[in-house]
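Only heavy atoms go into these numbers, but all of them, side chains included; no hydrogens, no water, no symmetry mates. Everything numeric in this text was worked out from a predicted model, so none of it was measured.
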Amino acid sequence: MSDSSEERASEAKEAKLVSIPEMPDLLVAAGLKRVGPARIRQLAAEPGFPAPAYERGRLRLWNWAEALQFFSSRVVRQGERTDLKRDQEGTSDEPAGGDGQ
């Protein structure tokens, strides 16, 4: 028999390498929100994104298990205005008007 359970187990343990254009469809298949390739490229430049498992020239491939873990644990703050958040951090707890009367 050529397809033993040991061979299937070793295939499952092998890292699945994916490129950025493949990731959006894989995210949907995994039940996560779709993220476009351009946004994935932006996220790949940030420190928290997993490092590519393989690089040669312009080709970069990521271990899908690591990328899936990143997208699963990522906090999405769609539409949050960070400029307003900075303004609120700089204000004091005193009510408007200053007197307190």
Side-chain angles (χ1 to χ4, degrees):
M1 241 179 149
S2 64
D3 193 22
S4 69
S5 60
E6 290 177 8
E7 288 177 12
R8 285 191 300 264
S10 67
E11 288 175 8
K13 290 180 183 178
E14 287 182 22
K16 179 179 180 180
L17 299 179
V18 297
S19 64
I20 288 178
E22 297 171 308
M23 287 186 196
D25 293 332
L26 291 172
L27 288 170
V28 172
L32 297 173
K33 184 179 178 195
R34 183 181 186 88
V35 179
R39 179 64 178 140
I40 294 174
R41 283 184 190 88
Q42 288 176 336
L43 292 171
E46 294 181 2
F49 200 82
Y54 177 81
E55 280 187 83
R56 185 169 184 180
R58 293 181 57 172
L59 174 67
R60 294 181 299 167
L61 299 175
W62 282 265
N63 180 340
W64 174 239
E66 292 175 5
L68 183 60
Q69 175 63 33
F70 171 81
F71 285 106
S72 298
S73 62
R74 188 171 76 102
V75 177
V76 179
R77 298 180 305 259
Q78 185 173 353
E80 182 178 342
R81 291 193 51 187
T82 56
D83 60 333
L84 295 178
K85 193 171 189 176
R86 273 184 270 137
D87 291 343
Q88 290 174 355
E89 290 173 357
T91 62
S92 64
D93 292 341
E94 294 179 17
D99 290 342
Q101 290 181 357

With a 3.5 Å cut-off and sequence neighbours excluded, list the donor-acceptor pairs that the side chains of residues 36-44 form with protein atoms.
unit_1 : atom_1 : unit_2 : atom_2 : d
Arg39  : NH1    : Gln42  : OE1    : 3.0
Arg41  : NH1    : Pro37  : O      : 3.3

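- Residue Leu26 comes nearest to Lys16 through the heavy atom pair CD2-NZ, 3.7 Å, listed as atom of the first residue, atom of the second, then distance.
- Using a 4.5 Å cut-off between side-chain heavy atoms of Ile, Leu, Val, Met, Phe, Trp and Tyr, with links allowed through other members, Leu17 and Phe49 fall into different hydrophobic clusters.
- In plain terms, the two heavy atoms of Ala51 and Glu66 that are nearest each other are O-OE1, 4.2 Å.
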If you look only at distance, which donor and acceptor atoms sit under 3.5 Å apart when one is on a side chain in residues 56-63 and the other is two or more places apart or in another chain?
unit_1 : atom_1 : unit_2 : atom_2 : d
Trp62  : NE1    : Pro50  : O      : 3.0
Asn63  : OD1    : Ala65  : N      : 3.0

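- Summarising the geometry, atom CG belonging to Leu27 is positioned 5.0 Å from atom CZ belonging to Phe71; distances are rounded to the nearest 0.5 Å.
- Atom CE of Met23 and atom CZ of Phe70 lie 10.0 Å apart (nearest 0.5 Å).
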